[in-house]
**Student:** 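Here you go, one structure.
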Amino acid sequence: HGLHFPYPIALSALGVTFSAACCRLLTLTRLVPLTRPELAQSRAFFWRTTLPLAALAALTLALGNAAYMHLTVGTCQILKALTPAITLGLSYALRLEEPRAPV
């Protein structure tokens, strides 16, 4: 808290920005070819798919970081440790996976 960095979300967004730049570079150099190149130039695809996903990802990043400002370190560790169990429970609840025994 003593550094008073005025742009914490910019620091968090560096990882996403680097990933986007790498993906763009790989597709431009054709090291990773696009399977449907017509979607890359489609305005409808951009407005209906790309923009909403990008906006929700940015909102998730911002709200997730804002939550850390109000939680203790112990609570954050508990939440991170519970992530696999929550993911499994949601996948069962949404019927994406079938429960199987023995685990």
Side-chain angles (χ1 to χ4, degrees):
H1 275 307
L3 298 177
H4 302 292
F5 183 65
Y7 308 107
I9 194 69
L11 186 62
S12 297
L14 279 177
V16 177
T17 304
F18 182 74
S19 295
C22 286
C23 289
R24 186 73 176 145
L25 183 66
L26 287 171
T27 57
L28 285 175
T29 58
R30 299 194 197 283
L31 290 171
V32 177
L34 295 174
T35 55
R36 296 185 58 196
E38 69 276 3
L39 290 179
Q41 288 124 13
S42 168
R43 286 186 184 261
F45 181 77
F46 174 78
W47 287 106
R48 282 188 282 151
T49 305
T50 307
L51 188 64
L53 284 174
L56 290 173
L59 188 65
T60 300
L61 185 64
L63 293 177
N65 286 341
Y68 283 125
M69 299 299 291
H70 304 288
L71 298 175
T72 64
V73 173
T75 305
C76 291
Q77 289 178 335
I78 290 170
L79 289 173
K80 285 187 180 202
L82 285 174
T83 300
I86 292 169
T87 303
L88 183 65
L90 281 174
S91 65
Y92 288 164
L94 296 173
R95 298 179 190 258
L96 298 173
E97 285 287 328
E98 294 282 330
R100 292 186 292 268
V103 177

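Every heavy atom of this structure was used, including side-chain atoms; hydrogens, water molecules and symmetry mates were not.
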**Student:** Who are the salt bridge (Lys or Arg N to Asp or Glu O under 4.0 Å) partners of Glu38, not counting sequence neighbours?
**Tutor:** Arg36
**Student:** Which residues pass the side chain to side chain contact (heavy atoms under 4.5 Å, CB included) test with Leu11, sequence neighbours left out?
**Tutor:** Phe5, Leu14
**Student:** So which atom in Thr49 and which in Pro52 form the shortest heavy-atom distance, rounded to 0.1 Å?
**Tutor:** O-CD, 3.5 Å
**Student:** If hydrophobic clusters are built from ILVMFWY residues whose side chains come within less than 4.5 Å, do Leu90 and Ile78 share one?
**Tutor:** yes
**Student:** Cluster question for you: counting only ILVMFWY and a side-chain heavy-atom cut-off of under 4.5 Å, with indirect links fine, are Leu59 and Leu53 together?
**Tutor:** no
**Student:** Look up atom CG in Leu56 and atom CG in Leu51, then write down how far apart they are to the nearest 0.5 Å.
**Tutor:** 9.5 Å
**Student:** Nearest 0.5 Å, please: how far is CG in Leu88 from OG1 in Thr83?
**Tutor:** 12.5 Å
**Student:** Evaluate Leu79 against Leu71 for side chain to side chain contact (heavy atoms under 4.5 Å, CB included), listing each step before the verdict.
**Tutor:** CA-CA 10 Å; Leu79 289 173; Leu71 298 175; 4.0 Å; yes
**Student:** How far does CD of Gln41 sit from CG of Leu34, to the nearest 0.5 angstrom?
**Tutor:** 9.0 Å
**Student:** Check Pro84 against Ala81 and note the closest heavy-atom contact, atom names and distance.
**Tutor:** CD-O, 3.4 Å
**Student:** Only pairs under 3.5 Å count here: list side-chain donor-acceptor contacts from residues 20-32, not counting sequence neighbours, and write none if there are none.
**Tutor:**
| from | atom 1 | to | atom 2 | distance (Å) |
| --- | --- | --- | --- | --- |
| Thr27 | OG1 | Cys23 | O | 3.2 |
| Thr27 | OG1 | Arg24 | O | 2.9 |
| Thr29 | OG1 | Leu25 | O | 2.9 |
| Thr29 | OG1 | Leu26 | O | 3.3 |

